[in-house]
Amino acid sequence: MEMSYSMIKARIGETQDADDRRRKSRFPVELEARVRELGANGVEARVLNISESGFMAETDGSFDIGARVWLMLPGRGRANAVVKWTAGDKIGAEFTATLSLEGLRTGQDI
């Protein structure tokens with residue numbers, strides 16, 4: 001029997017405290033959005049999960065760890081974040097200020 005291995009190529013930024021990495025509960029979502037690095041054009045993204053402190057999204061854009069980005073959600077304006085990790089077409093970012101998810105909690109679009 002032949003074994004097959006696949007590699008996952010991921011880059012993860014350093015955090016100061018491993019216990020601090022997931023302070024807030026993540027909510028699974030599927031939101032069409034845009035992600036724009038400061039000073040650049042935005043790219044389409046699909047937010048897969050979100051919390052008051054960060055998000056994970058799929059995007060065709062290429063972002064470096066530590067890049068400052070805007071997450072632009074329909075009907076919500078934009079939120080500033082710092083990219084913390086990348087893995088293939090996915091990115092994870094931490095918001096620079098807490099984001100209210102009140103609309104998400106009540107079942108409305110955020």
Side-chain angles (χ1 to χ4, degrees):
M1 183 170 162
E2 226 177 277
M3 295 187 90
S4 171
Y5 296 95
S6 61
M7 292 184 62
I8 297 173
K9 188 174 182 176
R11 295 182 303 164
I12 300 175
E14 293 182 26
T15 61
Q16 294 175 350
D17 183 355
D19 293 333
D20 196 37
R21 289 184 67 178
R22 277 279 165 89
R23 294 179 302 240
K24 307 286 183 181
S25 296
R26 297 274 171 128
F27 297 95
V29 295
E30 284 197 30
L31 297 171
E32 297 303 318
R34 291 185 64 79
V35 177
R36 179 174 67 87
E37 193 164 353
L38 301 184
N41 291 326
V43 295
E44 298 297 319
R46 185 167 54 123
V47 178
L48 302 174
N49 69 44
I50 195 166
S51 74
E52 293 176 342
S53 62
F55 70 94
M56 177 177 70
E58 282 182 337
T59 180
D60 290 335
S62 177
F63 298 94
D64 292 327
I65 293 168
R68 290 194 164 276
V69 297
W70 289 109
L71 174 64
M72 294 168 276
L73 296 166
R76 286 294 294 256
R78 61 187 184 185
N80 193 292
V82 176
V83 175
K84 293 295 186 178
W85 61 266
T86 64
D89 65 349
K90 293 182 177 66
I91 65 168
E94 181 178 16
F95 295 122
T96 57
T98 302
L99 182 70
S100 171
L101 299 180
E102 195 58 39
L104 180 64
R105 289 193 188 116
T106 62
Q108 302 167 4
D109 291 337
I110 67 169

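- Using a 4.5 Å heavy-atom threshold, the side chains of Val35 and Trp70 count as separate.
- Looking at residues two or more places apart in sequence or on another chain, you find a side chain to side chain contact (heavy atoms under 4.5 Å, CB included) between Asp89 and Glu58.
- Taken to the nearest 0.5 Å, the CG atom of Leu101 stands 10.5 Å off from the CZ atom of Arg26.
- Under a hydrophobic clustering in which Ile, Leu, Val, Met, Phe, Trp and Tyr are joined whenever their side-chain heavy atoms come within less than 4.5 Å, directly or via other members, Val82 and Phe63 fall into different clusters.
- A pairwise comparison of heavy atoms in Thr96 and Arg68 identifies CG2-NH1, 3.2 Å as the closest pair.
- Residues Met72 and Val29 do not share a hydrophobic cluster, clusters being chains of Ile/Leu/Val/Met/Phe/Trp/Tyr side chains in contact below 4.5 Å.
- Every residue two or more places apart in sequence or in another chain that forms a side chain to side chain contact (heavy atoms under 4.5 Å, CB included) with Ala93 is listed here: Phe55, Ala81.
- Inter-residue side-chain proximity for Leu71 and Leu99 is flagged as unmet; no heavy-atom pair is nearer than 4.5 Å.
- Counting only residues at least two apart or on different chains, the salt bridge (charged side-chain N to carboxylate O under 4.0 Å, His left out) pairs with a member in residues 32-41 are Arg34-Glu44.
- Considering CD1 of Ile91 and OG of Ser62, their distance stands at 10.0 Å, rounded to 0.5 Å.
- Between Ala33 and Leu73 the shortest heavy-atom distance is CB-CD2, 3.9 Å.
- Between Trp85 and Met56, the closest side-chain pair of non-hydrogen atoms falls below 4.5 Å.
- Between the CZ atom of Phe27 and the CD atom of Glu52 there is a distance of 7.0 Å, given to the nearest 0.5 Å.
- The residue from Val47, Thr86, Val43 that alone fulfils the side-chain contact (heavy atoms from CB on, under 4.5 Å) condition with Thr59 is Val43.
- With a 4.5 Å cut-off on side-chain heavy atoms, Val69 and Val83 count as touching.
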